[in-house]
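Numbering starts at 1 and runs along the sequence shown. The basis for the numbers below is simple: all heavy atoms, side chains too, and nothing from hydrogens, waters or symmetry mates.
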Amino acid sequence: MGLYEYQIVGNVISDYIEKVLSENRECFDKFKKYREKLEQDSKEVSVKSLEIASSSIKCLYETSAENYKEIKQGYLYSVLYISGKESCIYHKDFLDEPNVLIKKLKRK
């Protein structure tokens, strides 16, 4: 394959990516905001604080009145099932205002 063919393939890939992003702009913008928030949170909060938030969220959730409990925890966030719906709690937001989770658990 010559250089010209690589340029053509590069242009096809570039056009495809542009098409996908333009058709799903809202989804892409939402993902971009989510990623930026995670990057900012990781710079502002210590590892120890994130561990404390993670443990506290898990403890509150496990002692809640939820019938079906499922929790997935990442480094910067926890995903909980509350009243049958997925709910994401950012650890930094929880550290700033623990009522973010408490209010959701009490809505039942």
Side-chain angles (χ1 to χ4, degrees):
M1 210 189 239
L3 177 61
Y4 180 71
E5 285 91 3
Y6 283 112
Q7 289 174 329
I8 290 173
V9 171
N11 288 339
V12 168
I13 292 171
S14 179
D15 290 345
Y16 178 74
I17 290 171
E18 182 63 37
K19 181 177 187 266
V20 168
L21 294 179
S22 66
E23 289 175 358
N24 300 302
R25 193 74 193 168
E26 183 180 328
C27 184
F28 178 72
D29 289 343
K30 191 175 178 181
F31 173 75
K32 188 176 173 186
K33 284 181 185 178
Y34 164 78
R35 188 169 172 261
E36 288 169 354
K37 175 162 180 37
L38 291 180
E39 284 179 17
Q40 188 63 34
D41 287 357
S42 70
K43 292 175 186 174
E44 292 179 5
V45 184
S46 72
V47 173
K48 189 64 178 171
S49 293
L50 291 170
E51 289 173 357
I52 291 168
S54 177
S55 296
S56 300
I57 289 168
K58 187 174 184 178
C59 182
L60 284 169
Y61 184 62
E62 289 177 347
T63 58
S64 73
E66 286 294 315
N67 294 328
Y68 173 75
K69 295 177 185 164
E70 184 177 337
I71 183 170
K72 298 173 191 168
Q73 291 189 297
Y75 177 65
L76 297 169
Y77 61 90
S78 294
V79 177
L80 317 149
Y81 286 86
I82 301 172
S83 300
K85 296 180 183 175
E86 190 174 274
S87 189
C88 183
I89 305 291
Y90 294 102
H91 294 169
K92 182 183 180 310
D93 292 349
F94 177 80
L95 290 168
D96 292 342
E97 182 56 51
N99 282 333
V100 168
L101 174 60
I102 295 167
K103 286 178 185 177
K104 287 184 179 197
L105 291 172
K106 285 186 177 181
R107 279 191 207 150
K108 265 194 88 162

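- Atom NZ of residue K72 and atom SG of residue C88 lie 11.5 Å apart, to the nearest 0.5 angstrom.
- Here the CG atom belonging to L101 is positioned 10.0 Å from the NE2 atom belonging to H91, to the nearest 0.5 angstrom.
- Salt bridge status for E44 with K92: present, with a side-chain N to carboxylate O gap under 4.0 Å.
- Residue I71 comes nearest to K58 through the heavy atom pair CD1-CA, 4.0 Å, listed as atom of the first residue, atom of the second, then distance.
- Side-chain contact check for S87 versus Y81: every heavy-atom pair is 4.5 Å or farther apart.
- Using a 4.5 Å heavy-atom threshold, the side chains of Q73 and I57 count as touching.
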Hey, mind stepping through V47 and Y75 against side chain to side chain contact (heavy atoms under 4.5 Å, CB included) and telling me if it holds?
CA-CA 9 Å; V47 173; Y75 177 65; 3.4 Å; yes

Output, in order, the C-alpha distance, side-chain angles, deciding distance and verdict of side chain to side chain contact (heavy atoms under 4.5 Å, CB included) for I102 and N99.
CA-CA 5 Å; I102 295 167; N99 282 333; 3.7 Å; yes

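- Proximity of Y77 to I89: side-chain heavy atoms (C-beta onward) are nowhere separated by under 4.5 Å.
- Going from atom CD1 of I52 over to atom NZ of K48 covers 5.5 Å, rounded to the nearest 0.5 Å.
- Within the 3.5 Å criterion, the main-chain N or O of C59 finds a donor-acceptor partner in the side chain of T63.
- Panel note: side chain Y61, backbone I82; no donor-acceptor pair is recorded below 3.5 Å.
- Counting only heavy atoms from C-beta outward, the side chains of S64 and L60 never approach each other to under 4.5 Å.
- Nearest approach of K69 to E62, heavy atoms of both residues: NZ-O, 2.8 Å.
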With side chain to side chain contact (heavy atoms under 4.5 Å, CB included) as the criterion, how do L50 and S54 come out once you've worked through the C-alpha distance, each side chain's angles and the decisive distance to 0.1 Å?
CA-CA 6 Å; L50 291 170; S54 177; over 6 Å; no

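- Taking the charged nitrogens against the carboxylate oxygens, E39 and K43 have no contact shorter than 4.0 Å, which rules out a salt bridge.
- Using modelled atom types, no side-chain atom of S14 and backbone atom of G10 make a donor-acceptor pair closer than 3.5 Å.
- Between L76 and Q40 there is no side-chain heavy-atom pair separated by less than 4.5 Å.
- The aromatic rings of Y34 and Y90 lie tilted to each other, with the angle between the two planes from 30° to 60°.
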Side chain to side chain contact (heavy atoms under 4.5 Å, CB included), that's the test. Do S83 and E66 meet it? Break it down for me.
CA-CA 7 Å; S83 300; E66 286 294 315; 4.0 Å; yes

